[in-house]
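Remarks on the structure that follows.
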Amino acid sequence: MTVHSFQEHFDKKIDDEVMIEPRDWMPDDYRKTLIRQISQHAHSEIVGMLPEGNWITRAPSLRRKAVLLAKVQDEGGHGLYLYSAAETLGISRDEMLDQLHTGKAKYSSIFNYPSLTWADMGAIGWLVDGAAIMNQVPLCRTSYGPYARAMVRVCKEESFHQRQGFEIMLTLSNGTEVQKKMAQDALNRWWWPSIMMFGPPDADSPHTAQSMRWRIKRFTNDELRQKFIDVTVEQAKLIGLTVPDPDLKWNDATGHYDYGAINWDEFWNVVKGNGPCNKERLEARKKAWEDGAWVRDAALAYSKKRKARKENNKTLAA
Ligand code: BYC
């Protein structure tokens, strides 16, 4: 087949909703886009363990501690499935980690904000995992097979995460005045960063149009952001909290909430590395990588030793 017919075959598969698999021919830019998105998604999961990991030892009860521990462990698992999915496209895990540690690869802007109080664990689960689900459920139908399949399990776990966060917020909202205030303060601080998670507005999103054509993305950034706002505003009402947006207003004509201006300067500033916790997050990841060197060395030495022993046994048996 010529490159031209490979391309036609690929396009037809995309049109017919047939998933692309690792051994299939794919355009270079499709491969590059997937490596970029999946690896950044993986990094987000791993860096995303940090703001919540910060509260494991301070969770207010054994139950809360066990649940938070399980949630943070799930995020680690998501990172690992996603690194594996990206590896099927021909990039190694070492290369991806190097891109993260040298600041070449991005991770979600949201994790560069600090988690200051216990209520932040509620707000992160409710809003950040809520936004993640909104973005990731459509990714279960993304056109690249290994990514789509990884997302099925990730989404099941995220939906548990979202509910645990909402339940923390519900409990605090029904608690003392101080607890209710703490919940409102967490919503105030996490609301805008959460709606920025969906990425720049469509008009300023360089990748959306092509990714929609390739069916990597099924909805645009603005479409997902609107869906999230519509659902979440109702949930805030249910627990008696106020979304910190004075311009938020139901619009009968569109059937959606209108919302106020998003501070895109803040978003780009955080994406460029100047958010409140960017340096701290990257330092923590680099330190974990360096501190873990002996574990990787030991695992490699062990596997070499086992292989040598197996070879030796084979020779003796022959
Ligand atoms: N933060 O053309 P665009 C989680 C970058 S983890 C930082 O719209 P695209 C969780 C973008 O990368 C949640 N950077 O890009 C974990 C691009 O830069 P490059 C993570 C952002 O790819 C633990 C440039 O801006 N979820 O759920 O079409 C605990 C232009 O953007 C952000 C995923 O990764 C951002 N928010 O669309 C709890 C989902 N937004 O790469 C929860 C998978 C944009 O050209 N990813 N940028 O240098 C996606 O769906 C898409 O990649 C995005 C962006 C919607 C994020």
Side-chain angles (χ1 to χ4, degrees), residues 29 32-55 68 70-79 81-82 85-86 99-100 103-113 115 120-121 123-140 142 144 147-148 150-151 154-155 157-162 164-165 190 192-225 228 262 264 266-275 278 281:
D29 283 344
K32 271 193 209 143
T33 297
L34 281 167
I35 290 178
R36 179 183 62 78
Q37 178 166 328
I38 303 173
S39 65
Q40 295 188 5
H41 192 166
H43 300 325
S44 305
E45 298 282 357
I46 301 295
V47 178
M49 297 168 78
L50 297 170
E52 290 172 292
N54 177 33
W55 276 90
L68 187 61
K71 178 189 191 284
V72 173
Q73 193 173 321
D74 284 351
E75 314 294 359
H78 298 174
Y81 317 142
L82 288 163
Q99 290 173 355
L100 173 68
K104 278 190 215 131
K106 295 189 169 72
Y107 57 86
S108 185
S109 49
I110 192 79
F111 302 116
N112 293 306
Y113 291 86
S115 50
D120 288 22
M121 297 305 98
I124 292 177
W126 173 35
L127 302 174
V128 177
D129 287 273
I133 294 171
M134 205 49 97
N135 166 278
Q136 291 172 13
V137 167
L139 289 176
C140 297
T142 194
Y144 186 57
Y147 192 21
M151 292 323 293
V154 170
C155 284
E157 291 176 351
E158 297 288 22
S159 102
F160 153 75
H161 298 169
Q162 193 270 350
Q164 70 85 36
W190 288 92
W192 290 102
S194 298
I195 63 175
M196 290 174 194
M197 265 178 86
F198 294 93
D202 296 348
D204 300 325
S205 160
H207 302 300
T208 292
Q210 182 61 68
S211 288
M212 294 286 287
R213 277 197 293 277
W214 278 327
R215 300 192 184 175
I216 292 174
K217 282 167 103 162
R218 294 287 180 160
F219 294 96
T220 70
N221 300 355
D222 286 332
E223 285 168 349
L224 291 171
R225 186 169 10 253
F228 173 75
I262 298 173
W264 291 113
E266 174 184 325
F267 171 77
W268 288 116
N269 199 38
V270 174
V271 171
K272 283 184 193 139
N274 304 317
N278 293 61
R281 300 290 184 239

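Indexing begins at 1, ligand by ligand and atom by atom, following the structure's order.
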Self-check item: Element-labelled atoms of ligand 1 that are located less than 4.0 Å from some non-hydrogen atom of Gly199
Solution: 40 (N), 44 (C)

Quiz item: Salt bridge between Arg225 and Asp222, side-chain N to carboxylate O under 4.0 Å?
Solution: yes

Quiz prompt | Ser211 and ligand 1 - part of the residue with a heavy-atom distance under 4.0 Å | solution = neither

Quiz item: In the protein, which heavy atom is nearest to atom 22 (O) of ligand 1, and how far is it?
Solution: Arg36 NH1, 3.0 Å

Self-check item: Backbone or side-chain N or O of Ile124 under 3.5 Å from ligand 1 N or O
Solution: no

Self-check item: Non-hydrogen atoms of Pro200 and Trp268 that approach each other most closely
Solution: CB-CZ2, 3.6 Å

Quiz item: Any N or O of Tyr147 that comes nearer than 3.5 Å to an N or O of ligand 1?
Solution: no

Exercise. Give the atoms of ligand 1, by number and element, whose distance to some non-hydrogen atom of Lys217 is under 4.0 Å.
Key: 8 (O), 9 (P), 28 (O), 37 (O)

Quiz item: At a 4.0 Å threshold, what atoms of ligand 1 neighbour a non-hydrogen atom of Met197?
Solution: 36 (N)

Practice problem: Using a 4.0 Å heavy-atom cut-off, say whether Tyr107 meets ligand 1 through its side chain, its backbone, both or neither. | Solution: backbone

Quiz item: Phe198 heavy atoms, cut-off 4.0 Å: which ligand 1 atoms fall inside?
Solution: 55 (C)

Quiz item: Are any of the N or O atoms of Lys71 closer than 3.5 Å to those of ligand 1?
Solution: no

Self-check item: Per-residue contact class, Gln136 against ligand 1 - non-hydrogen pairs under 4.0 Å
Solution: side chain

Quiz prompt | Distance-only side-chain donor-acceptor flag, His41 / Gln136, under 3.5 Å | solution = yes

Quiz item: Where does Phe111 meet ligand 1, judged by heavy-atom distances below 4.0 Å: at the side chain, the backbone, both, or neither?
Solution: side chain

Practice problem: Heavy-atom distances under 4.0 Å are what count here, so tell me which part of Ile110 touches ligand 1: side chain, backbone, both or neither. | Solution: neither

Quiz item: Within less than 4.0 angstrom of ligand 1, does His161 place any heavy atom?
Solution: no

Exercise. State if Trp268 counts as touching ligand 1 under the rule of any non-hydrogen atom under 4.0 Å.
Key: yes

Self-check item: Region of His78 engaging ligand 1 - heavy atom pairs below 4.0 Å
Solution: neither

Quiz item: Should you measure from each heavy atom of Ser109, which atoms of ligand 1 turn up under 4.0 Å away?
Solution: 1 (N), 7 (C), 35 (C), 36 (N)

Quiz item: Is His41 touching ligand 1 with its side chain, its backbone, both, or neither, if touching means heavy atoms under 4.0 Å apart?
Solution: both

Quiz item: Is the closest protein non-hydrogen atom to atom 53 (C) of ligand 1 under 4.0 Å?
Solution: no

Practice problem: May I ask you to identify, for Glu75, whether its side chain, its backbone, both or neither come under 4.0 Å of ligand 1 on a heavy-atom basis? | Solution: side chain

Quiz item: What atoms of ligand 1 come closer than 4.0 angstrom to any heavy atom of Ser205?
Solution: 2 (O), 3 (P), 8 (O)

Practice problem: Identify, for atom 21 (C) of ligand 1, the protein heavy atom at the shortest distance, and state residue, atom and that distance. | Solution: Phe267 CZ, 3.9 Å

Exercise. Can you pull out the closest protein heavy atom to atom 44 (C) of ligand 1? Residue, atom name and distance to 0.1 Å, please.
Key: Pro200 CD, 3.6 Å

Quiz item: Considering only heavy atoms of Met196, which atoms of ligand 1 have at least one such atom less than 4.0 Å away?
Solution: 36 (N)

Self-check item: Within-shell test, Glu158 vs ligand 1, heavy atom, strictly < 4.0 Å
Solution: yes

Quiz prompt | Closest protein heavy atom (residue, atom, distance) for atom 45 (O) of ligand 1 | solution = His207 NE2, 2.6 Å

Self-check item: Atoms of ligand 1, numbered as shown, that sit under 4.0 Å from any heavy atom of Asn135
Solution: 39 (C), 43 (C), 49 (C), 50 (O), 55 (C)

Practice problem: Would you check the N or O atoms of Gln40, main chain and side chain alike, for any that come under 3.5 Å of an N or O of ligand 1? | Solution: yes

Self-check item: Protein residue, atom and distance nearest to atom 30 (C) of ligand 1, heavy-atom basis
Solution: Pro206 CD, 3.6 Å

Quiz item: Does any N/O atom on Ser44 come nearer than 3.5 Å to any N/O atom on ligand 1?
Solution: no

Exercise. Using distance alone, with no hydrogens and no angle criterion, decide if His161 and Glu158 have a side-chain donor and acceptor under 3.5 Å apart.
Key: yes

Quiz item: Can you tell me which residue and heavy atom of the protein come closest to atom 48 (O) of ligand 1, and the distance to 0.1 Å?
Solution: Lys106 NZ, 2.5 Å

Quiz item: N/O to N/O below 3.5 Å, does that happen between Asp129 and ligand 1?
Solution: no

